Amino acid sequence: MLVPKITTLLNRSLTAKQLKQLHGFILVHGLDGLIIRHLITSQPNYSQTIAHYLQLILHHSNQPDVDSATSAMRYFCKHGGFHEAFSLYVGLQRSGVSPSTFAVASALKACARLGNRKGGIMIHGQVHRYGFCGDVYVETALVGVYVKLGDMETARKVFDEMSERNVVSWNSMMDGYLRSGSLSMAEVFFNGMPDKDVVSWNSMVSGYLRTGDMEKALRLFQEMPERNQTSWNAMISGYVECGKLDLARSFYNSMPQRNTISCITMIAGYSKCGDIVSARELFDEMGKKDHLLYNAMITCYTKNSRPKEALQLFDEMLQPNVNVQPDKMTLATVISACSQLGDLSFGSWIYKLYMNQMGITMDDHLCTALIDLYAKCGSIDEAFKLFHKLHKKDVVAYTAMILGCGINGKEQIAIKLFDEMMESKIRPNLVTFSGLLTALSHVGMVEESYHCFNSMKRYGLVPTPDHYSLMVEILGRAGRLEEAHNLIKSMPMQPHGGVWGALLLACSTHNDVELGEIAAKHCFELEADCSGYGSLLANIYAGVGRWEDAKRLRKSIHEKGLVKVPGSSWMDHVHE
DNA sequence: CTAGGGTTAG
C-alpha cells in the first residue's frame, strides 16, 4: 500500500512538480479523503492548487468524499473563491451524498457573499430536510445569508427561532440593521446582546461613522473595553470620509500598532485632498510594503495627475530587491497613468505581454482602462474591439468610448453611443457629459450642444465650471462671443481660469478686442501663471493692428512678469 | 468553521 508513503511526503514542503505527480498518483489509486484533507492543511503554499485538483477529481468521481470536499469548500471560502465553494456543494448534492453541517455552513457563506438568493433559499430548505436546524453555526450562517441579501424580515425570523445563539448571530443581525439603515434597531440589538465582543463594538462604531455621527462614534470608541486595529482604522476612515485629515492623522499617530490598512486609508485621504507629499511620507515610513500599499500610492499619483511618479513607483515594485507582485488593480491604475502620458507603447506592453506573463486575466475595469488608453492614443478601432469584449458596458466604459470618439473625429458615433447608452437605461454622469460636449465642440454643433447642456439637469446633474468651459468654447468657435460671455455671467458659481480662458481664446480667433480684454482681466485675476493668457491678448492686439499695445504687453510679460495693458487701469496687476 | 476596517477603470 502506497498511502503511508504519501503521508510521509505530506509533512515536507513540496514543489509544484511533486504535487502534480502526487495528483497523478491519487488519480490512479483512487481518492482518499484523509490524504486530501491533510494535503490542504499541511501545504499552505499549494493549497489553492490542491483545492483546484480536488475540484477536478470530484467532478469525475461518483462517490466524492464529504470531508475532503468540505475542506476544499472551507479553503475556497477563506480565499474568496465563493463560486468554487458553491459549485463544490452543488457537486456533492448531485452525487447524492449527504453534506456535513460544515459543508452547509460554508456553502451558505458562499451564497451570502455572492448574493446568491436562489442558492441560499435552496440550502435553507435542505437544512430542514437534513435536520441541521439545531446547529448554531448553520443557523448563524443562514442569518448571514438573509442579512447580506438585505432581507431583514426573514433574517429576523430565523434569528427568533434559533434555539441557541452566539455573539456572531447577534452581530450579524446588528450588522444587517446597520446596512439597511435602521440605526435604532441596531442600537436595540447592541444594547440587548447578552455579551459583546470587539466586533460588536466596532460594528456599532462604524454604523455611527457611516451616518456621519462622529460624536456618537467617538464616544462609543472611548467606552470600548478593548480596541483592536479595526477599531482605530474605522475611526481614521470616518475622519477621512468627512475631510478631517488632521484628526484622522492624530488617530493614526496615536494608535498602538498601525497596519497596512491604516496607512492605505490615510494615503487615500491625503490623495483626495491633493496632499501627495504627506501621502508619500507615510508610504515611505512603512517598513514592509505589500501590493495593496503600492496600489494606494500609485493611485494617489494618477488621481492627482502625476503619471510619471506613478510609473516610477510601478517600476520600483518590480525591482528584484523589492519584488512585489502587482495585481489587476495595479495594472488598471498604471494603464490610466499611461493614457495620461499618451504612452501607448508601455500600456500595450502591459496588455499584450506582461499580463500574459504574470497570468493576470482581463476584467472589465482593466479593459475600460485599456479602452481609454487606445482611444486617447488614436487607436479607436482597437478601443472598439475592447469595448465589445466587455462583459457589462457601464457608464465608465461608455464615457471612455464617447470621449475617445470625440477626440478622434467620430462625433456622430459618439452621439450614437450616447443614445445607445440611454436606451440601455444607463445613467450618464458629469464625466459623460464632458465627453459628449468635447465631441460636439469638435464639429461646432451649437444647438445640439445647448440641448445636451440643458438636459443635464434632467439627470439631476449640476454643470461644473468645466462644462461651462466647454460650452464657452463651442459658442466661441461659432463666433457667438456675446452669448458665451452671457453664459459665463449666468454661472451660479465662481468661474475658474479655464472658463475665461476659453472665451479669451475665442476672442483671439475672432479678433474681438473689447471682450478679449475683459476675459484677459479675469484670467489674470484667477491664475498665477498668466503669460499664456497675456500672449493671447497680445495676439488680439496684433490682429487688429494695435502693434504698439501688443509689443508693450509682450515686453512686460517677458521682462518683469508684469502685465500692464495700455489704457486700462485694472491691469495694474503684479505677478511674481 | 460563522461577523468587522482599506486600494482599481472614464
Side-chain angles (χ1 to χ4, degrees), chain A residues 70-71 73-75 77-78 100-109 112 135-145 147-148 165-176 178 197-207 209 228-238 240 259-269 271 290-300 302-303 326-337 339 363-373 375-376 386 390 394-404 428-435:
Chain A
T70 309
S71 299
M73 284 174 66
R74 274 173 48 197
Y75 169 79
C77 273
K78 205 170 168 186
S100 59
T101 52
F102 299 134
V104 170
S106 291
L108 283 170
K109 188 194 175 183
D135 189 284
V136 213
Y137 294 119
V138 170
E139 291 205 290
T140 301
L142 215 41
V143 169
V145 168
V147 159
K148 284 276 165 22
R165 304 177 192 96
N166 60 22
V167 214
V168 182
S169 334
W170 283 88
N171 284 347
S172 290
M173 285 302 290
M174 198 179 81
D175 179 56
L178 287 172
D197 64 358
V198 215
V199 178
S200 331
W201 287 88
N202 286 349
S203 303
M204 204 57 223
V205 167
S206 41
L209 292 173
N228 59 13
Q229 291 175 323
T230 307
S231 334
W232 288 90
N233 289 342
M235 288 306 288
I236 293 174
S237 125
V240 161
N259 61 11
T260 322
I261 294 177
S262 336
C263 189
I264 290 171
T265 313
M266 281 308 299
I267 289 179
S271 171
D290 62 6
H291 67 284
L292 299 174
L293 194 59
Y294 269 97
N295 287 357
M297 195 60 223
I298 294 176
T299 302
C300 173
T302 50
K303 281 262 162 72
D327 65 357
K328 287 180 192 194
M329 291 188 189
T330 327
L331 298 190
T333 314
V334 167
I335 287 167
S336 158
S339 62
D363 68 354
D364 280 1
H365 267 286
L366 203 41
C367 191
T368 308
L370 283 164
I371 289 172
D372 180 62
L373 172 75
K376 289 239 170 77
L386 288 162
L390 287 169
D394 65 357
V395 223
V396 186
Y398 267 107
T399 303
M401 274 318 292
I402 289 170
L403 182 66
N429 60 24
L430 289 170
V431 192
T432 317
F433 279 102
S434 294

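Chain naming here is simple, since letters A, B, ... match the order of the sequence lines and numbering starts at 1 in each. Owing to the predicted nature of the structure, the values given are computational and were not obtained by experimental measurement.
- With sequence neighbours excluded, the residues forming a side chain to side chain contact (heavy atoms under 4.5 Å, CB included) with S336(A) are T302(A), Q340(A), listed by chain and number.
- The residue T140(A) sits close to a base: some heavy atom pair falls under 4.0 Å.
- By the ring pair (Phe, Tyr, Trp, His ring centres under 6.0 Å) test, W170(A) is found to be paired with F159(A), F189(A), residues two or more places apart in sequence or in another chain being considered.
- As judged by a 4.0 angstrom heavy-atom cut-off over every strand, T432(A) is placed among the base-contacting residues.
- Within the 4.5 Å cutoff, the side chain of L403(A) has heavy atoms near those of the K376(A) side chain.
- No hydrogens or angles considered: nothing links the side chains of N202(A) and T230(A) as a donor-acceptor pair under 3.5 Å.
- A nucleotide of DNA chain B counts as in contact with chain A when one of its atoms lies under 4.0 Å from a heavy atom; the first and last such, 5' to 3', are dC1(B) to dG10(B).
- When heavy atoms are screened at a 4.0 angstrom cut-off, N166(A) is found touching base atoms of the nucleic acid.
- Among the atoms of the strands shown, none is found under 4.0 Å from any heavy atom of D363(A).
- Side-chain N or O atoms of S106(A) include none that pairs as donor or acceptor with a backbone N or O of A103(A) at under 3.5 Å.
- Across all strands shown, N202(A) has heavy atoms under 4.0 Å from base atoms, whether or not it also approaches the sugar-phosphate.
- The main-chain N or O of V199(A) is found under 3.5 Å from a side-chain atom of S203(A) such that the two form a donor-acceptor pair.
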